[in-house]
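For reference, the structure discussed in these notes is given below.
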Amino acid sequence: VQLQASGGGLVQAGGSLRLSCAASTRTFSSYTMGWFRQAPGKERDFVAAITWSGDRTVYTDSVKGRFTISRDNAENTVYLQMNSLKPEDTAVYYCAASLYYTGSIPSMFNYWGQGTKVTVSS
């Protein structure tokens with residue numbers, strides 16, 4: 001499975017961005033998808049995840065109410081809509097895929113994209 005993340009950029013605090021992650025596999029609908037982020041000098045942290053059917057989503061507390069994860073299985077794509085962005089959201093954002101796990105542990109995800117950089121200015 002190859003994952004290609006896009007949509008990052010520079011935005012002012014309070015602004016919005018939508019990240020996309022396109023998957024190369026025909027079995028995309030079998031995978032839970034997640035978004036993680038890594039700020040400079042810090043570990044990779046969980047942001048959000050969505051089950052294969054989209055019926056359940058999980059978020060880290062710091063993004064609840066601001067970020068929304070969604071997916072389009074017909075387009076093999078998962079999205080992360082980010083609103084009310086804050087400087088502390090600045091990081092490289094990674095999408096990831098897991099066959100059996102919906103949660104926050106990075107090592108439980110089998111495939112990773114290359115990352116897209118998000119910079120939020122104050």
Side-chain angles (χ1 to χ4, degrees):
V1 177
Q2 291 188 333
L3 303 174
Q4 181 72 38
S6 61
L10 174 64
V11 63
Q12 289 188 334
S16 298
L17 282 174
R18 188 176 82 154
L19 306 184
S20 299
C21 175
S24 64
T25 177
R26 294 181 180 179
T27 58
F28 175 75
S29 60
S30 300
Y31 290 87
T32 286
M33 299 299 297
W35 285 99
F36 293 77
R37 64 187 179 186
Q38 189 167 18
K42 295 188 177 181
E43 294 184 349
R44 191 169 298 188
D45 291 330
F46 171 76
V47 176
I50 186 168
T51 53
W52 65 272
S53 64
D55 65 339
R56 188 167 74 93
T57 56
V58 183
Y59 297 93
T60 192
D61 286 346
S62 63
V63 308
K64 286 180 180 177
R66 300 190 298 124
F67 291 11
T68 302
I69 188 171
S70 62
R71 66 190 297 159
D72 184 338
N73 286 342
E75 296 294 328
N76 286 2
T77 302
V78 63
Y79 303 98
L80 186 68
Q81 178 67 43
M82 306 187 295
N83 299 327
S84 303
L85 282 161
K86 303 176 181 180
E88 51 264 43
D89 295 319
T90 295
V92 177
Y93 283 71
Y94 298 89
C95 59
S98 175
L99 267 177
Y100 303 111
Y101 176 74
T102 304
S104 62
I105 303 174
S107 62
M108 298 298 288
F109 284 78
N110 310 99
Y111 305 98
W112 291 84
Q114 87 291 354
T116 185
K117 187 174 182 180
V118 172
T119 303
V120 184
S121 63
S122 58

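Taking the side chain to side chain contact (heavy atoms under 4.5 Å, CB included) definition, one finds that D55 meets it with T51, S53, sequence neighbours left out. Residues satisfying the salt bridge (charged side-chain N to carboxylate O under 4.0 Å, His left out) criterion with R37, sequence neighbours excluded, are D89. When the side chain to side chain donor-acceptor pair (under 3.5 Å) test is applied to K64, the partners found at least two apart in sequence or on another chain are D61. In this structure, the side chain to side chain contact (heavy atoms under 4.5 Å, CB included) partners of S84, at least two apart in sequence or on a different chain, are R66. Partners of T27 by side chain to side chain donor-acceptor pair (under 3.5 Å), not counting sequence neighbours, listed by chain and number: T25.
When each of L19, V47, T60 is checked for a side-chain contact (heavy atoms from CB on, under 4.5 Å) with F67, only V47 meets the rule.
In this structure, K42 and Q38 approach most closely via the heavy-atom pair O-NE2, 3.0 Å.
In terms of hydrophobic clustering, with Ile, Leu, Val, Met, Phe, Trp and Tyr side chains grouped at heavy-atom distances under 4.5 Å, L99 and I69 are assigned to a common cluster. In this structure, F46 is not a member of the same hydrophobic cluster as Y59, with clusters built from ILVMFWY side-chain heavy atoms closer than 4.5 Å. A single hydrophobic cluster is not seen to contain both M108 and Y31; linkage of ILVMFWY side chains at heavy-atom distances under 4.5 Å, directly or through other members, places them apart.
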>> Under the criterion side-chain contact (heavy atoms from CB on, under 4.5 Å), I'd like the reasoning laid out for L80 against R18: C-alpha separation, chi angles, the key distance, then a yes or no.
In response: CA-CA 6 Å; L80 186 68; R18 188 176 82 154; over 6 Å; no
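For residues 70-79, no residue pair satisfies the salt bridge (Lys or Arg N to Asp or Glu O under 4.0 Å) rule, not counting sequence neighbours. Residue pairs satisfying the side-chain hydrogen bond (donor to acceptor under 3.5 Å, both in side chains) criterion with at least one member in residues 97-106, sequence neighbours excluded, are listed as follows: T32-T102. Listed by first and then second residue, the disulfide (SG to SG under 2.5 Å) pairs involving residues 38-94 amount to none (not counting sequence neighbours). For residues 30-102, the set of pairs meeting the disulfide (SG to SG under 2.5 Å) definition, not counting sequence neighbours, comprises C21-C95. Residue pairs that meet the side-chain hydrogen bond (donor to acceptor under 3.5 Å, both in side chains) test with at least one member in residues 111-122, sequence neighbours left out, do not exist here. Judged as a ring pair (Phe, Tyr, Trp, His ring centres under 6.0 Å), not a single pair has a partner in residues 77-99 (not counting sequence neighbours).
Checked against a 6.0 Å centroid threshold, the rings of F109 and F36 count as neighbours.
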Just list the side-chain donor-acceptor pairs under 3.5 Å for residues 1-17, sequence neighbours left out, or say none.
unit_1, atom_1, unit_2, atom_2, d
S16, OG, N83, OD1, 2.9

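Rounding to the nearest 0.5 Å places OG of S62 at 7.5 Å from NZ of K86. Atom OG of S24 and atom CG of N76 lie 8.5 Å apart (nearest 0.5 Å).
Here the side chain of N73 pairs a donor or acceptor atom with the backbone of W52 at under 3.5 angstrom.
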